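Just the heavy atoms: all of them, side chains too, but no hydrogens, waters or symmetry mates, feed the values below. All of these numbers come straight from a predicted model, not from anything done at the bench.
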Amino acid sequence: MPLLTGAEPFRHEGGETAVLLCHGFTGSPQSMRPWAEHLAERGLTVSLPLLPGHGTRWEDLGVTGWQDWYAEVDRELRLLRDRSARVFVAGLSMGGALALRLAARHGDAVSGVMVVNPANKVHGVAAHALPVLRHLVPATKGIASDIAKPVTRELGYDKVPLHAAHSLRNFFRLVDGELPQVTQPLLLMRSPQDHVVPPADSARILSRVSSTDVSEVLLEQSYHVATLDHDAELVFRESTAFIGRLAPGAVREPGLGKEGTTAGG
């Protein structure tokens, strides 16, 4: 299937410090593209892959699972690590869970973790029925585009395939068990008004990671997709400051330093 316009992956060859960005469940790189471009403009190498089953039609997501999504970001991390002095991982929603698992499994190969409204659990009564319900109902209503900013839209599916949702539930359980293995510096940014992921998910993550360098930032003016919302610039500023503190000299003012190349979109 052809990609939806705007769902293309993004890559930028910059300096020796790299950032791997992971988008959310049923979404696409479009939701993270402004963040990726902000980091690229400041001299960082950036990779924002398209996860399998995303960016085309919801039926394609229904035949994929967490192993496919995680394998994609794991591969990207290994590629970045081979040619970069340090790598940071970041993610939105399910992408936050992917980033946390990368940190848990790769240890010192990850220099820091940045997550926005990270998801940790599939909530609601329907979640417990997923093992059976997925065989009876192909999909339910979508979760994309929870944004406070008028007119702004997230490029995501209008339906959630239940086979994929069941796999996501299993993935969250797996990641929750691995959170104590996360020791890297952690920047967690969350929206108090989030209609997709409740505050309990961030609280759970903060209570279980082993990181001692932890920062929490509230995104007061945004809903779930804060990377496209009123607080997007705050997300960008906090993340570049976080990287700059941990990797001095890695972040440069736009227009200075090595010229990079951008692919995708």
Decide yes or no for [X] and [Y]: does some side-chain heavy atom of the first lie under 4.5 Å from some side-chain heavy atom of the second?
X      : Y      : value
Ser93  : Asn117 : no
Val122 : Phe172 : yes
Ser167 : Gln67  : yes

**OP:** Can you label the angle between the Phe171 ring and the Tyr70 ring as parallel, tilted or perpendicular, going by 30° and 60°?
**Re:** tilted
Check [Y] with [X], please: is the shortest side-chain N to carboxylate O separation under 4.0 Å?
X      : Y      : answer
Asp82  : Arg78  : no
Arg204 : Asp201 : no
Arg190 : Asp231 : no
Asp158 : Lys141 : no
Arg83  : Glu16  : no
Arg11  : Glu76  : yes
Glu233 : Arg237 : no
Glu178 : Arg101 : yes

Original post:
For atom CD of Glu59, is the number of surrounding heavy atoms from other residues, nucleotides or ligands below 6.0 Å larger than 12?
Top reply: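 Counting other residues, nucleotides and ligands, CD of Glu59 exceeds 12 neighbours.
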Original post:
Does Gln181 CD have over 12 foreign heavy atoms under 6.0 Å away?
Top reply: yes
**OP:** Nearest 0.5 Å please: distance from the CZ atom of Phe88 over to the CG atom of Leu20.
**Re:**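 So the CZ of Phe88 and the CG of Leu20 are separated by 12.5 Å.
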Original post:
In terms of hydrophobic clusters joined by side-chain contacts under 4.5 Å, are Leu218 and Tyr223 together?
Top reply: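 Shared cluster, no.
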